[in-house]
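What you see below is based on every heavy atom in this structure, not just the backbone, and it leaves out hydrogens, waters and symmetry mates. Residue indices begin at 1 and follow the sequence shown.
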Amino acid sequence: MAPSLHLLHREDFERRTLRALVGGAAMGLLAALAERIHLPLHPGFAVIAAALAGARPRPGTQGLLWVGVPLLSALPYLFQVDAPVPQALSGAIAAALVGWMGPGGDRLGKPTEVTAGAVAAGALVPLGMYVQQVLDARFFPQGGLLGALVGFSAVALFWSVGTLASHVTVHVDAVESRGSLLEDRVGGEAKTLLERTRSLYRQCQTLALKMPSGPGRDELVGVLQKMANESFTLAESHAELETQLAAVVPQDVETQVEQLRQRAAATEDAGARRQLELAASSLGEELNRLNLLARKRSRLLAQFHAQVALLERARMSLVGVAGTEASAKGAQAAHLAQRLAALGQDTPAPIDEAPDASPTASVTRLRG
């Protein structure tokens, strides 16, 4: 199976890049002012400004990040090492701190993400400094404010582009890739179930691939992929319902319905009363739709629990098969695949509508 690349948290990277450019430009402005008093600033310091501007730390880590980035990123400049080693190390340190404590949202960076971002950013900072030197030599030989702004911004841009590596993930398994892309879309109990599904799927795949190769194992792997995909489909449907329900507050709709009915009862004009009653009835149907979506969400969550339980049963069955002799594993794999497929067919399909969910019934209930 060919590996696939996916970009995670793209919005966080885009915001960081824009903020890093602003930070680099601000450091360029400071460098231009410092040049007038014969106090030159090294272009490598644009990395520190870019890191401070681009970081979006979670609550409780702001102070540590704002102190740690300038201090630790400036350490390589204290050693007598030829360029561009200090600049590369400074960029790597800044990227590691930002990727760990300030990647965006309420999350902390994972070790693999932090390492990838640090290595890539450290490698691109010298390239950014080379571009800055070329720009200065060709377009701004006299220096000045514009040259400092462009040059420092270029270094900040290359550093920020290097942090893109912390947002890239590689998956060999397409099913696992699909599950990882859903992490940012679900929350609450559904997120816990999604994480459990991914963990169980990985364990099942590991146990299944230890069996002797053959049609039985291939069939078993296919059944496991189908079970995981069904769980991910439930997670996607649940996330879509959450988005729809989050867009409207049912209490506000109920308040509007009640206000419309009160105005209809208070008016003496028959035409106005009819229009107000129609508006209240229309909102009542919308409220009924929201209630229907809420019930459907509960059913999907219950189905999600059932699907995770099936994967748990599959894992336990695979653990039992792992203890048998190698010669018997092929036949047991085929038998287990058939049994798991039969269990999956016993799971009921989600019910889209309740029997009593007619618009007439909802309006009658609301009027009562």
State yes or no: do [X] and [Y] share one hydrophobic cluster built from I, L, V, M, F, W and Y residues joined by side-chain heavy-atom distances below 4.5 Å, directly or via other members?
X    : Y    : value
V98  : W100 : no
L200 : L194 : yes
L234 : L293 : yes
F232 : V186 : yes

Could you report the tightest heavy-atom contact between [X] and [Y], atom names first, then the distance?
X    : Y    : answer
I48  : P70  : CG2-CA, 4.0 Å
A95  : G117 : CB-O, 3.8 Å
G24  : A156 : CA-CB, 3.8 Å
A123 : P126 : O-CD, 3.4 Å
S231 : L311 : OG-CD1, 4.2 Å
I93  : P76  : CD1-CG, 4.0 Å

Query - Pairwise side-chain hydrogen bond (donor to acceptor under 3.5 Å, both in side chains) hits with a residue in residues 120-140, at least two apart - result: Q132-D136
Report task. Return each pair, listed once, that meets side-chain hydrogen bond (donor to acceptor under 3.5 Å, both in side chains) where at least one residue sits in residues 40-57; pairs must be two or more places apart or across chains. Result -> D12-R56, H42-Q87
Requested in this report: Please lay out, stage by stage, how K210 and T206 fare under the test side chain to side chain contact (heavy atoms under 4.5 Å, CB included).
Outcome: CA-CA 7 Å; K210 289 181 179 179; T206 301; 4.0 Å; yes
Report task. Could I get the full list of salt bridge (charged side-chain N to carboxylate O under 4.0 Å, His left out) partners for R196, not counting sequence neighbours? Result -> E312
Requested in this report: Not counting sequence neighbours, which residues clear salt bridge (charged side-chain N to carboxylate O under 4.0 Å, His left out) with R19? List them please.
Outcome: none
By the rule that ILVMFWY residues connect when side-chain heavy atoms come within less than 4.5 angstrom, directly or transitively, which residues belong alongside [X]?
X    : result
V150 : L21, L124, L127, V131, L135, F139, F140, L146, L157, F158, V161
I37  : L39
V67  : L71

Query raised in the report: Taking NZ, NE, NH1 and NH2 as the nitrogens, is one of them in R10 or E14 under 4.0 Å from a carboxylate oxygen of the other?
Result: yes
Query raised in the report: Under 3.5 Å, side chain of S90 to main-chain N/O of P86, donor-acceptor pair present?
Result: no
Requested in this report: Kindly say whether G91 contributes a backbone atom to a donor-acceptor pair with the side chain of W159 at under 3.5 angstrom?
Outcome: yes
Query raised in the report: Taking only residues at least two apart or on different chains, which pairs with a member in residues 93-105 satisfy salt bridge (charged side-chain N to carboxylate O under 4.0 Å, His left out)?
Result: none
**Report entry** Sequence neighbours excluded, every pair satisfying salt bridge (charged side-chain N to carboxylate O under 4.0 Å, His left out) that has a member inside residues 20-46
**Finding:** none
Query raised in the report: Are side-chain N/O atoms of H167 and R16 paired as donor and acceptor at under 3.5 Å?
Result: yes
**Report entry** Distance in Å, H238 NE2 paired with T233 OG1, rounded so as to fall on 0.5 Å steps
**Finding:** 14.5 Å
**Report entry** Interatomic spacing from CZ in R202 to OG1 in T197 - rounded to 0.5 Å
**Finding:** 10.5 Å
With [X], which residues qualify under side chain to side chain donor-acceptor pair (under 3.5 Å), at least two apart?
X    : value
N229 : R178
S166 : none
S199 : Q203

**Report entry** Pair F45 and F152, ring centroids less than 6.0 Å apart
**Finding:** no
So do the side chains of [X] and [Y] get within less than 4.5 Å of each other, counting heavy atoms only?
X    : Y    : result
E242 : R185 : no
L318 : M211 : yes
F13  : L18  : no

Requested in this report: Decide side chain to side chain contact (heavy atoms under 4.5 Å, CB included) for T112 and T115; before the verdict, give the C-alpha distance in whole Å, the side-chain angles of both, and the deciding distance to 0.1 Å.
Outcome: CA-CA 5 Å; T112 54; T115 303; 5.9 Å; no
Report task. Kindly indicate, with the supporting measurements, whether the criterion side chain to side chain contact (heavy atoms under 4.5 Å, CB included) is fulfilled by E176 and Y201. Result -> CA-CA 8 Å; E176 172 65 18; Y201 174 72; 4.2 Å; yes
